[in-house]
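Remarks on the structure that follows.
Chain letters run A, B, ... following the sequence lines, proteins first, then strands; residues in each count from 1. Since we're looking at a predicted model, the values are computed, not measured.
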Number of protein chains: 2
Amino acid sequence: MTPTRPGDLDPIDEAILRELAADARASYADIGAVVALSAPAVKRRVDRLRERGVVRGFTVLLDPAALGWETEAFIELFCHGSTSPATMRAAVDRYPEVVAASTVTGDVDVVVQVRARDMRHLEQVVERLAAEPFVARTRSTIVLSALVRRPDVPPPAP
Amino acid sequence: MTPTRPGDLDPIDEAILRELAADARASYADIGAVVALSAPAVKRRVDRLRERGVVRGFTVLLDPAALGWETEAFIELFCHGSTSPATMRAAVDRYPEVVAASTVTGDVDVVVQVRARDMRHLEQVVERLAAEPFVARTRSTIVLSALVRRPDVPPPAP
DNA sequence: GTTGAAAAGTAGCCTGA
DNA sequence: TCAGGCTACTTTTCAAC
């Protein structure tokens with residue numbers, strides 16, 4: 001049983017989000033054709049989903065290699081004492097190479113996902129991260145190949 | 001020195017991609033105002049970037065929690081012998097909970113990033129992955145908090 | 001880059017559950 | 001009352017030049 005919170009998405013909202021996930025530039029009329037709603041009705045729902053914060057924005061999906069990002073890695077950070085997440089966030093946010101960063105359970109404190117032009121560039125990023133005052137040591141794992149990469153999507157109907 | 005391959009992005013393409021990354025539903029006229037190009041000129045460049053495969057598509061950025069994805073984890077897979085990436089990809093692709101998966105260097109073979117409704121759901125996903133014929137064992141790391149999450153963007157000018 | 005026709009976005013108004 | 005359809009007006013797209 002899913003705890004139906006107030007503000008939960010109805011099935012039509014979910015369908016709209018799936019369409020937008022597949023093509024964020026689809027017209028409201030085209031989306032409406034799929035979900036059986038008029039274009040203005042779709043627009044009103046999308047506007048409301050933006051207001052509610054469910055929709056955070058729209059982006060383009062790019063080929064990282066074409067942008068010059070040839071190398072990808074997970075850099076795990078072991079941090080000193082009790083470094084606050086705010087401190088970690090502020091530090092990691094300054095790196096344009098960082099794609100994602102998360103605090104995690106286990107012996108590692110932070111997992112940082114990084115894209116670099118090449119191994120030399122990656123090495124520099126690792127060294128800079130390792131030199132951050134709150135970082136005790138790092139452990140890096142190079143990505144060999146991306147098997148799957150998907151946007152977040154509403155869960156399939158249960 | 002960057003090896004200027006034929007087909008490399010020029011600075012205007014990069015600026016256009018940065019605009020689209022920030023708002024994929026921006027009008028060509030608005031993008032043109034930023035990059036000092038007419039709307040049709042921007043459209044032609046975007047069309048060409050799609051043809052070249054630099055632009056793979058457009059998506060919506062959603063709040064995972066609002067979709068019912070409350071739990072996130074890295075599940076590391078240790079695989080038997082020489083399992084082909086194709087096999088791994090096919091297996092992992094069947095899980096709607098999988099957001100990303102990569103083969104990696106080191107003792108682990110695959111890192112799978114997963115979103116689940118809750119811990120119980122996550123546990124089920126781990127068990128199903130562990131039961132895949134090519135998986136010897138798994139190791140899971142729960143995400144406590146997302147510090148940074150960014151779309152791929154052209155590198156800043158060097 | 002400019003032009004103009006066709007398509008899409010958008011606000012207001014009306015209707016029915 | 002609230003969400004959706006309809007209509008009319010504006011903005012954007014997009015192909016030809």
Seminar exercise, completed: With sequence neighbours left out, the residues meeting side-chain contact (heavy atoms from CB on, under 4.5 Å) with A:D47 are A:K43
Problem set entry | A:Y28 OH to D:dG4 P, straight-line distance once rounded to whole Å | 15 Å
Problem set entry | End-to-end axis angle, where each axis spans five pairs of the helix from C:dG1-D:dC17 to C:dA17-D:dT1, to 10° | 30°
Exercise. When the distance from CD1 of B:I31 to P of D:dT12 is rounded to whole Å, what number comes out?
Worked result: 11 Å
Problem set entry | side-chain hydrogen bond (donor to acceptor under 3.5 Å, both in side chains) partners of B:T138, counting only residues at least two apart | none
Exercise. With sequence neighbours left out, what residues match A:D63 under side-chain contact (heavy atoms from CB on, under 4.5 Å)?
Worked result: A:A65, A:A66, B:R56
For this session: Keeping the roles fixed (side chain from B:W69, backbone from B:V114), state whether a donor-acceptor pair exists under 3.5 Å.
Result: no
Problem set entry | Between C1' of D:dT12 and NZ of A:K43, the distance in whole Å | 14 Å
For this session: Using the closest heavy atom to pick a nucleotide of DNA chain D for each, name whichever of B:A29 or A:D10 lands nearer the 5' end.
Result: A:D10
Problem set entry | Partners meeting side-chain hydrogen bond (donor to acceptor under 3.5 Å, both in side chains) with A:S84 (sequence neighbours left out) | A:T87
Exercise. In whole Å, what is the span from the CG atom of A:L9 to the P atom of D:dA3?
Worked result: 14 Å
Hey, what are the protein-to-nucleotides 5-7 of chain D N/O distances that come in under 3.5 Å?
residue	atom	partner	partner atom	Å
D:dG5	OP2	A:S38	N	2.8
D:dG5	OP2	A:S38	OG	2.7
D:dG5	N7	A:R44	NH2	2.8
D:dG5	O6	A:R44	NH1	2.9
D:dG5	O6	A:R44	NH2	3.3

Under 3.5 Å, which donor-acceptor pairs do the side chains of residues 122-131 of chain A form with other protein atoms, sequence neighbours left out?
residue	atom	partner	partner atom	Å
A:R128	NH2	A:E97	OE1	3.4
A:R128	NH2	A:E97	OE2	3.3

For this session: Could you tell me whether A:R25 contacts a base, only the sugar-phosphate backbone, or nothing, with contacts defined as non-hydrogen atoms closer than 4.0 Å?
Result: sugar-phosphate
Exercise. Whole Å only: how far is the CG atom of B:D47 from the C1' atom of D:dA15?
Worked result: 11 Å
Exercise. Does any N or O in the side chain of B:D109 come within less than 3.5 Å of the main-chain N or O of B:C79, such that one atom is a donor and the other an acceptor?
Worked result: yes
Exercise. Can you pull the contact range of chain A along DNA chain C, 5' to 3', using atoms under 4.0 angstrom from its heavy atoms?
Worked result: C:dA8 to C:dG12
Problem set entry | side-chain contact (heavy atoms from CB on, under 4.5 Å) against A:V104, all qualifying residues, sequence neighbours excluded | A:S102, A:V108, A:V111, B:F74, B:T141, B:V143
For this session: With sequence neighbours left out, write down each residue that passes side-chain hydrogen bond (donor to acceptor under 3.5 Å, both in side chains) with B:R120, or none if nothing qualifies.
Result: none
For this session: Take atom CZ of B:R45 and atom P of D:dC14, then tell me their distance rounded to the nearest Å.
Result: 18 Å
Problem set entry | Set of side-chain contact (heavy atoms from CB on, under 4.5 Å) partners for A:L144, sequence neighbours left out | B:T103, B:T105
Exercise. Taking only residues two or more places apart in sequence or in another chain, which ones pass side-chain hydrogen bond (donor to acceptor under 3.5 Å, both in side chains) with B:D152?
Worked result: A:R115
